[in-house]
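For reference, the structure is listed below as structure tokens.
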Amino acid sequence: MIRAKVFSAVLAALLFCGSAAILAAQGAQTPPAANLVAANTTTAVPSATRSPQPQLVQRNSRYVIQREDELLLTFPLTPELNQTVTVQPDGYINLQNAVSVHAQGLTVPELVDALQKAYVGTLHNPIIEVDLKDFQKPFFTVSGQVGNPGKYDLRSDITIAEALAIAGGMKPTAKTQVLLFHRTSSGLLETRKVNMKDILRGKHQDEDASIQPGDMIYVPEKFITSFDKYLPYSLTGGTFITPVP
């Protein structure tokens, strides 16, 4: 009788331990309901409500080589290859003892890399230095109702009002509405309308934007009520074609 009771107690203990082990295994594989709700909530957040990813902004961008630029190529270890080259109308430069390299649109460090690849069959680990001997100077253009319309060198940081003064000021027939055209990297002109009357009266000084290289200021004779924010541009001798009101 005693043996039967002991056997029953041992069997019950074994069954309890087995059930506990099974429940523990299931708990390790299946996350709690609260965790499931949290996971689903995180996944279901719309992309519009998420924090935007930070965008990299390029500052102090390097000069981009243009046609007709004159470059001095120096080879410190092989000075006999030192040469001065001019960027051709097709964008290429002709090299001594190497194939031509397309230089237009490259920065100086990028051109150095291209030259090292061009001379890899002639020189072992070529060391090349590139200097801008003569290059396209920054400029801006003023057209329309000003005293001296034309193209001017951009020698310092100036605003729209200062650029108009350099161009001889606005004529009596000019409207105080001025259009600023800024060339973008996508092949378009970004158009901005500026009220010079307010600026000259000391109002909205933040609208007196700084001039960037290649910008054009257009002073119309009549008010332009509507215009496209972005326009295709065309270059003739380095000068923007005057927009038609």
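Here the structure is a predicted model, which is why all the values come from computation and not from measurement.
- When all heavy atoms of Ala103 and Ile93 are compared, the closest pair comes out as CB-CG2, 4.1 Å.
- The two atoms that bring Gln136 and Glu68 nearest to each other are NE2-CB, 3.9 Å, heavy atoms only.
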Practice task
For side chain to side chain contact (heavy atoms under 4.5 Å, CB included), just list the numbers for Ser210 and Asp157, CA-CA rounded to whole Å, side-chain angles, deciding distance to a tenth of an Å, and then say yes or no.
Solution key: CA-CA 7 Å; Ser210 298; Asp157 294 335; 5.7 Å; no
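- Residues Glu110 and Leu106 share a closest heavy-atom pair of OE1-CA, 3.4 Å.
- Expressed to the nearest 0.5 Å, how far CD1 of Ile158 lies from CD1 of Ile166 amounts to 4.0 Å.
- Residues Val87 and Gln66 are not in side-chain contact: their nearest non-hydrogen atoms beyond the backbone lie 4.5 Å or more apart.
- A distance of 5.0 Å separates CG of Asn195 from OG1 of Thr176, quoted to the nearest 0.5 Å.
- Considering only heavy atoms from C-beta on, Tyr63 comes within 4.5 Å of Leu132 through its side chain.
- Heavy-atom contacts from other residues, nucleotides or ligands closer than 6.0 Å to CG of Asp90 number more than 12.
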Practice task
Before giving the answer on side chain to side chain contact (heavy atoms under 4.5 Å, CB included), spell out for Lys175 and Glu221 the whole-Å C-alpha distance, their side-chain angles and the decisive distance to 0.1 Å.
Solution key: CA-CA 6 Å; Lys175 297 299 181 182; Glu221 187 176 3; 5.9 Å; no
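- The only member of Leu123, Thr122, Ile127 that meets side-chain contact (heavy atoms from CB on, under 4.5 Å) when paired with Thr78 is Leu123.
- No side-chain heavy atom of Ile65 sits less than 4.5 Å from a side-chain heavy atom of Thr107.
- For Thr84 against Glu70, the heavy-atom pair with the smallest separation is CG2-OE2, 3.3 Å.
- Between the CG atom in Leu164 and the CG atom in Asp208 there is a gap of 8.5 Å [rounded to 0.5 Å].
- Rounding to the nearest 0.5 angstrom, the gap separating the NZ atom in Lys133 from the CG atom in Leu73 is 11.0 Å.
- For the pair Glu129/Val112, no side-chain contact is recorded, criterion being any heavy-atom separation below 4.5 Å from C-beta on.
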Exercise for the section: Could you walk me through whether Asp134 and Lys137 pass side chain to side chain contact (heavy atoms under 4.5 Å, CB included), step by step? Expected result: CA-CA 9 Å; Asp134 189 16; Lys137 307 299 189 299; 3.3 Å; yes
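- In this structure, Phe139 has its ring center at least 6.0 angstrom away from the ring center of Tyr152.
- Expressed to the nearest 0.5 Å, how far CG of Leu111 lies from CD of Gln104 amounts to 12.5 Å.
- In this structure, a donor-acceptor pair under 3.5 Å is present between the side chains of Thr173 and Gln145.
- With respect to Leu115, the side-chain contact (heavy atoms from CB on, under 4.5 Å) criterion is satisfied by exactly one of Leu71, Val120, Leu95: Leu95.
- Inter-residue side-chain proximity for Thr74 and Ile128 is flagged as unmet; no heavy-atom pair is nearer than 4.5 Å.
- A donor-acceptor pair under 3.5 Å is absent between the side-chain atoms of Asn94 and the main chain of Ser100, judged by distance alone.
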Handout entry: Full working for side chain to side chain contact (heavy atoms under 4.5 Å, CB included) between Asp215 and Phe181
Key = CA-CA 6 Å; Asp215 283 359; Phe181 295 87; over 6 Å; no
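- Across Ala98 and Ala118, no two heavy atoms sit closer than the pair CB-O, 3.9 Å.
- The shortest non-hydrogen separation linking Val142 to Ala163 is CG2-O, 4.1 Å.
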